[in-house]
There are 2 protein chains.
Amino acid sequence: MTARFEAPREDSKIEAAAGPMVFIVEDDVSMRRSLTNLFKQVGLNAVTFGSAREMLQSKLPDVVSCLVLDVRLPGVSGLDFQSELAKLNIKIPVIFITGHGDIPMSVRAMKGGAVDFLTKPFRDQELLDAVLAAAEQDRKRRSAEQIVTHLRSLFEALSPREQEVMKLVATGLMNKQIAAELGLAEITVKIYRGHVMKKMRARSLAELITMAATLGFRANRTEQT
Amino acid sequence: MTARFEAPREDSKIEAAAGPMVFIVEDDVSMRRSLTNLFKQVGLNAVTFGSAREMLQSKLPDVVSCLVLDVRLPGVSGLDFQSELAKLNIKIPVIFITGHGDIPMSVRAMKGGAVDFLTKPFRDQELLDAVLAAAEQDRKRRSAEQIVTHLRSLFEALSPREQEVMKLVATGLMNKQIAAELGLAEITVKIYRGHVMKKMRARSLAELITMAATLGFRANRTEQT
DNA sequence: AAAAGAATTATACGAACGTTTGGGGTGCAC
DNA sequence: GTGCACCCCAAACGTTCGTATAATTCTTTT
């Protein structure tokens, strides 16, 4: 092991993508500070906001993250903010903390998909456990979502005809039937089908069917509702 | 609106399979009675138990149902009972009711998958709404489960060799490759494959692949964990 | 205007699939 | 021991699939 050049360790501009991020929406300044300290101590990247609006206005980085949210906030309440995030299709896992909670509040939060609902005072470890669980949940969701996003982009790169053919192939129709359905010659369908396999990078019909299923094309009447 | 004959309302022997059933586990006798009355009034079939053990000992009918569960019970607590049901793989939706609840309790219940957590006193309508939602949830779960159960029974009716072939077909292998994998002649694989299609009642490869996916056979590395 | 890509079809051929017909053998249950 | 299910294979034939070659038309991009 001779001494050699290595990539510098202090390139703090890259580390943004390192660990999970924790967003904190909390109006109480001292609480905010203590939360931030807690997270920094265990190496978590924490970013704080004083209100829901503040957080919505800043553009959130696209990394594994979770949200520690106070229920009682100036302006929109934490619970309403949770609904709002859902409506905006922002799927960040939420951990509520509150000093003045009640049961209906916690139930509403949990129904809304919250990871946890902690009442002050709580032990640091409780919050950290919740944050870690939330981050893990977000990581899984992202990795699943990334797959369908990738597939969708491949699919959208298909020509319209190719897309139609792919859908019908996934339905289980034969080339002949697809041709009839689309008013084409069978040979044409075969060619588009070949394009589909190449462009979707499917190495077998089984893979293509699986992709189609992932994209939400239903093959048969296996399930509904 | 002329008077006309209608199906008789009193055929109580058939109605067992009619609507959803509501199980009630509650030790307080007067509460039990009032709950029963409430459900009867809206045409729901209610069955009560005084404790968790009582309910576990009676054999539950296999119909759409839900469980209204008091948190504070003699013997096992409602929350422990919920865990126990999960461990026993009994997936009945649970609605908690309690007179002496706190937030950690409700959070644990909701994390455990409870549909709702109501504190006494609650409005009748609140409980009814929860029960209806729970029943609907159970109905969906059952209909989904029934499909995989059916598929599994078809799959298990295959001979061992046929099962192996089906798995490999679902993987996207060609007959030739399957033959090599299993040390068979290609023609043999073709024949088993034909059996698989018939016995699984698949009318196309696409359907078979979908079935295999439903049964949990993964085709490619599309997703994990 | 030329290039590029889409949509479309034809002819042709080889590979893969599916089924039928007709055999072999084993092992178990009645 | 006869029947039955499973296991295994072959020859043969027809169908379906996949791809290559080649061509026409249209639209869009450069």
Side-chain angles (χ1 to χ4, degrees), chain A residues 150-215 217-220, chain B residues 150-213 215 217-220 222:
Chain A
H150 178 236
L151 283 183
R152 204 183 311 285
S153 75
L154 288 180
F155 179 74
E156 275 159 9
L158 299 178
S159 78
R161 272 312 203 196
E162 288 162 356
Q163 293 188 354
E164 297 182 83
V165 168
M166 174 166 167
K167 285 181 192 168
L168 295 179
V169 166
T171 300
L173 296 187
M174 290 183 310
N175 289 341
K176 194 187 302 185
Q177 299 174 302
I178 297 173
E181 191 88 21
L182 300 180
L184 297 177
E186 186 180 348
I187 182 67
T188 312
V189 173
K190 287 185 182 181
I191 289 171
Y192 293 161
R193 187 168 176 162
H195 293 171
V196 168
M197 294 297 285
K198 271 201 217 336
K199 292 190 183 176
M200 296 300 291
R201 309 221 185 97
R203 289 167 314 180
S204 67
L205 181 57
E207 275 192 17
L208 191 73
I209 308 273
T210 303
M211 292 176 180
T214 303
L215 287 171
F217 306 150
R218 285 278 140 249
N220 40 355
Chain B
H150 178 235
L151 284 183
R152 201 182 313 283
S153 74
L154 288 180
F155 179 74
E156 276 160 9
L158 299 179
S159 80
R161 270 315 203 197
E162 287 162 357
Q163 293 188 356
E164 296 182 82
V165 168
M166 174 165 166
K167 285 181 191 169
L168 295 178
V169 166
T171 300
L173 296 188
M174 289 184 309
N175 290 341
K176 194 186 303 185
Q177 299 173 302
I178 297 173
E181 191 88 20
L182 300 179
L184 298 177
E186 187 180 349
I187 182 68
T188 310
V189 173
K190 287 185 183 181
I191 290 171
Y192 292 162
R193 189 168 175 161
H195 294 171
V196 169
M197 294 297 285
K198 272 201 214 340
K199 292 191 184 175
M200 296 300 291
R201 309 221 185 95
R203 289 166 314 180
S204 67
L205 180 57
E207 275 193 18
L208 191 73
I209 307 273
T210 304
M211 291 177 181
L215 286 172
F217 308 149
R218 285 279 141 248
N220 41 353
T222 298

Identify the two heavy atoms, one from A:L205 and one from A:M197, that lie closest to each other, and give their separation to 0.1 Å.
N-CE, 3.9 Å
Does some side-chain heavy atom of B:S153 sit less than 4.5 Å from a side-chain heavy atom of B:H150?
yes
Whole-Å distance, B:I187 CD1 to D:dA12 P, equals 12 Å
So, is B:N175 near the phosphate of C:dC17, with a side-chain N or O under 4.0 Å from OP1 or OP2?
yes
Which residue, B:L158 or B:A185, contacts DNA chain D at a nucleotide closer to its 5' end, judged by nearest heavy atom?
B:L158
If I take atom CD in residue A:E164 and atom C1' in nucleotide C:dA7, what distance separates them, rounded to the nearest angstrom?
12 Å
Rounded interatomic separation in angstrom, taking CZ from A:R203 and P from D:dG18:
16 Å
The helix from C:dA1-D:dT30 to C:dC30-D:dG1: angle between its terminal axes, five pairs each, to 10°?
40°
With respect to the phosphate group of D:dT16, does any side-chain polar atom (N or O) of A:K190 fall under 4.0 Å of OP1 or OP2?
no
Heavy-atom donor-acceptor pair, B:E207 side chain to B:R203 backbone, under 3.5 Å:
yes
Starting at CZ of A:R201, measure out to CG of A:L154 and round the result to the nearest 0.5 Å.
5.5 Å
5′-ward residue of the pair A:A157/B:H195 relative to DNA chain C:
A:A157
Using a heavy-atom cut-off of under 4.0 Å over every strand shown, decide if B:S159 touches base, sugar-phosphate, or nothing.
sugar-phosphate
Can you check whether A:Y192 has a side-chain N or O nearer than 4.0 Å to OP1 or OP2 of C:dA6?
no
Using every non-hydrogen atom in the two residues, find where B:A206 and A:V169 come nearest and quote the distance to one decimal.
CB-O, 4.2 Å
Audit row: A:M200, A:L158, side-chain contact (heavy atoms from CB on, under 4.5 Å) steps and yes/no
CA-CA 8 Å; A:M200 296 300 291; A:L158 299 178; 4.0 Å; yes
In whole angstrom, give the distance that lies between atom CG of A:L182 and atom C1' of C:dA7.
12 Å
Can you tell me which nucleotide in D:dT19, C:dC17, D:dC8 comes closest to the side chain of B:E186?
C:dC17
Between C:dG18 atom P and B:M197 atom CE, what is the distance in whole Å?
7 Å
Can you give me the closest heavy-atom contact between A:Y192 and A:R161, atom names plus distance?
CE1-CB, 3.8 Å
Reckon A:R161 has a side-chain N or O less than 4.0 Å from the OP1 or OP2 of C:dT8?
yes
Salt bridge check: are B:E164 and B:K167 linked by an N-O gap of less than 4.0 Å?
no
Roughly how far apart are A:H195 NE2 and A:M166 CE, rounded to 0.5 Å?
15.0 Å
For nucleotides 21-30 of chain C, give me one character per nucleotide, 5' to 3': B if any protein heavy atom sits under 4.0 Å from the base, S if the only such contacts are to the sugar-phosphate, - if neither.
----------
In whole angstrom, what separates B:I178's CD1 from D:dC8's C1'?
16 Å
Could you walk me through whether B:R152 and B:E156 pass the side-chain contact (heavy atoms from CB on, under 4.5 Å) test, one step at a time?
CA-CA 6 Å; B:R152 201 182 313 283; B:E156 276 160 9; 3.6 Å; yes
Take the protein atom CG of A:L205 and the nucleotide atom C1' of C:dC17, then report the distance between them rounded to whole Å.
12 Å
Spacing between A:I209 atom CD1 and D:dC17 atom P, to the nearest angstrom
12 Å
